[in-house]
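Below is one structure, written out as structure tokens, with a few remarks after it.
Naming convention: chains lettered A, B, ... in sequence-line order (proteins, then strands); numbering from 1 in each chain.
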There are 2 protein chains.
Amino acid sequence: MTTASTSAPRWLTDEEQRVWRAYLHATTLLEDHFDRQLQRDAGMPHTYYGLLVQLSQAPRRRMRMTELARNAKITRSRLSHAIARLEKNGWVRREDCPSDKRGQNAVLTDEGLDMLRRSAPGHVEAVRQAMFDRLTDEQVKSLGEIMRTLATGLEPEGTDADLPWLR
Amino acid sequence: MTTASTSAPRWLTDEEQRVWRAYLHATTLLEDHFDRQLQRDAGMPHTYYGLLVQLSQAPRRRMRMTELARNAKITRSRLSHAIARLEKNGWVRREDCPSDKRGQNAVLTDEGLDMLRRSAPGHVEAVRQAMFDRLTDEQVKSLGEIMRTLATGLEPEGTDADLPWLR
DNA sequence: TCTATCTAGTTCAACTTTCAAGAAAAGGTC
DNA sequence: GACCTTTTCTTGAAAGTTGAACTAGATAGA
């Protein structure tokens with residue numbers, strides 16, 4: 001039995017508070033930074049760009065909706081709207097799944113791939129400048145381990161977890 | 001002279017790609033997690049909650065709009081909407097700034113403080129579970145340094161930077 | 001003073017995300 | 001097969017965010 005609602009709260013230490021705030025500040029600024037960079041150079045928010053990247057790396061440049069949502073860590077609803085928008089841009093098209101009549105594949109179009117090729121160098125450069133150029137090799141390694149740990153914590157194996165793409 | 005647009009892009013190494021993806025996954029999941037937790041337990045998204053926390057720690061529980069935007073790393077426009085909503089809830093009220101007739105102070109109301117007191121233990125517990133309980137002391141320390149570095153990188157001292165609260 | 005410029009904050013429209021509801025097909029179980 | 005449950009994906013409305021335009025007050029220079 002958990003008694004979180006009645007037992008004395010374990011407050012954060014001063015250092016934990018500083019780390020937590022630094023985390024919030026950095027992630028907020030980074031998200032804002034990349035959203036702007038990509039809105040300017042590719043005409044879409046970072047989330048959408050990530051979807052195109054996923055598709056570009058998938059076999060035959062296509063992926064089932066739920067699978068794509070799982071990879072992007074977002075809800076299917078959100079994905080539906082996003083794909084609709086990208087479809088309007090001509091960068092993605094939908095395709096019925098042959099093996100499951102409920103299913104849809106999102107397919108990266110040639111135009112989508114082109115746009116990705118054009119904007120990739122600029123985006124990589126932005127990621128370098130904002131993140132990798134500022135950290136030592138140790139820090140990069142450490143960041144990787146930390147982020148993998150945190151991500152795994154929120155999507156455990158034995159899954160009754162409340163994960164976005166299952167909602 | 002920078003020649004980013006014409007020189008060969010410095011692609012990310014395999015490890016850098018893995019770290020970058022882990023970062024995106026973890027931050028997306030964490031944001032989703034805390035937004036849900038607070039929407040459920042406090043009736044607002046995490047950004048809004050953060051504003052109330054800031055106000056609660058400010059002298060006389062009030063702060064100038066732009067100052068609050070700077071602390072939260074968001075645009076003044078976004079803040080205007082957020083405060084309007086929190087005002088409707090009765091958790092914040094606006095107050096004219098005595099020394100500058102253009103200015104507004106956002107003031108945390110007693111109701112706002114109450115709501116914060118009620119929801120704080122649950123939120124702290126959630127932050128612990130999702131972050132601090134999963135990391136070693138080294139990792140927490142390292143995470144703090146990394147995040148401070150990244151945040152500082154995006155808001156340098158000699159400031160012609162494109163910062164949200166100046167837009 | 002007069003004028004130009006800058007700063008503080010808000011507003012509107014367009015866009016994105018969330019949440020709840022729903023249609024359609026798939027997968028049991030009897 | 002008939003029935004019930006689950007899975008897949010979409011939709012529409014409400015909530016939140018963005019970017020540009022705008023008002024009003026402060027500031028600085030001639």
Side-chain angles (χ1 to χ4, degrees), chain A residues 28 31-40 42-51 63-70 72-89 92 94-106 159-160 162-167, chain B residues 28 31-40 42-51 62-70 72-89 92 94-107 159-160 162-167:
Chain A
T28 305
E31 196 188 358
D32 177 84
H33 184 66
F34 294 121
D35 266 345
R36 289 208 112 214
Q37 187 264 314
L38 284 171
Q39 194 70 59
R40 175 165 51 77
M44 67 190 122
H46 188 252
T47 314
Y48 290 24
Y49 187 86
L51 297 175
M63 207 179 283
R64 283 290 295 274
M65 293 294 279
T66 298
E67 178 69 3
L68 188 47
R70 184 195 344 270
K73 316 295 175 195
I74 63 178
T75 63
R76 285 171 293 183
S77 171
R78 185 173 175 183
L79 181 60
S80 268
H81 289 296
I83 293 295
R85 193 292 213 172
L86 292 171
E87 203 170 19
K88 221 175 275 180
N89 282 290
V92 167
R94 284 177 220 250
E95 195 184 65
D96 290 346
C97 174
S99 59
D100 185 335
K101 281 176 188 165
R102 296 166 303 180
Q104 290 282 106
N105 278 312
T159 178
D160 53 342
D162 171 38
L163 296 166
W165 55 92
L166 300 177
R167 297 214 269 261
Chain B
T28 306
E31 196 188 358
D32 177 84
H33 184 68
F34 294 120
D35 265 345
R36 292 209 110 212
Q37 188 264 313
L38 283 170
Q39 194 69 60
R40 175 165 50 78
M44 66 189 122
H46 188 252
T47 314
Y48 290 23
Y49 187 86
L51 298 174
R62 71 200 61 207
M63 207 178 284
R64 284 289 293 274
M65 292 296 277
T66 299
E67 177 71 2
L68 188 47
R70 185 197 341 272
K73 315 296 175 197
I74 64 178
T75 62
R76 285 172 293 180
S77 171
R78 186 174 175 182
L79 180 61
S80 268
H81 290 294
I83 293 296
R85 186 309 207 161
L86 292 170
E87 202 170 20
K88 221 176 276 181
N89 283 289
V92 167
R94 284 176 220 251
E95 194 184 66
D96 291 346
C97 174
S99 58
D100 184 338
K101 281 176 188 166
R102 298 167 303 178
Q104 292 281 106
N105 278 312
V107 186
T159 179
D160 53 342
D162 169 40
L163 295 167
W165 54 93
L166 301 177
R167 297 213 268 261

Does any non-hydrogen side-chain atom of Arg167(A) lie less than 4.5 Å from one of Asp162(A)?
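Of all side-chain heavy-atom pairs linking Arg167(A) with Asp162(A), at least one is under 4.5 Å.
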Check the distance between [N]'s [atom2] and [X]'s [atom1] and give it to me in whole angstrom.
X: His46(A); N: dT16(C); atom1: NE2; atom2: C1'; answer: 16 Å
X: Arg70(A); N: dC9(D); atom1: CZ; atom2: C1'; answer: 14 Å
X: Asp32(A); N: dT17(D); atom1: CG; atom2: P; answer: 12 Å
X: Glu31(A); N: dT17(C); atom1: CD; atom2: P; answer: 9 Å
X: Met63(A); N: dT8(D); atom1: CE; atom2: C1'; answer: 17 Å
X: Arg40(A); N: dC15(C); atom1: CZ; atom2: P; answer: 20 Å
X: Leu79(B); N: dG16(D); atom1: CG; atom2: C1'; answer: 13 Å
X: Arg167(A); N: dT18(C); atom1: CZ; atom2: P; answer: 8 Å

From the list Arg70(B), Arg76(B), Arg94(B), side-chain contact (heavy atoms from CB on, under 4.5 Å) with Met65(B) holds only for Arg94(B)
Remember a base hit wins even if backbone is also touched, and classify [X] as base, sugar-phosphate or nothing at under 4.0 Å, heavy atoms.
X: Asp100(B); value: sugar-phosphate
X: Arg36(A); value: sugar-phosphate
X: Arg85(A); value: sugar-phosphate
X: Ser77(B); value: base

| said: For a quick test of reading the model: is some side-chain N or O of Arg78(B) closer than 4.0 Å to OP1 or OP2 of dT10(C)? | reply: no
Report yes if at least one side-chain N or O of Arg94(A) is closer than 4.0 Å to OP1 or OP2 of dC9(D); otherwise report no.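 Answer no for this pair, as no side-chain N or O of Arg94(A) is under 4.0 Å from OP1 or OP2.
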Between Met44(A) and Thr66(B), the residue closer to the 5' end of DNA chain C by nearest nucleotide is Thr66(B)
Using only modelled atom types and a 3.5 angstrom limit, is any donor from either the side chain of His81(A) or the base of dG12(D) paired with an acceptor on the other? yes
So does Arg102(B) reach the base of dT7(C) with its side chain, donor to acceptor, closer than 3.5 Å?
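Such a pair is found, so the answer is yes.
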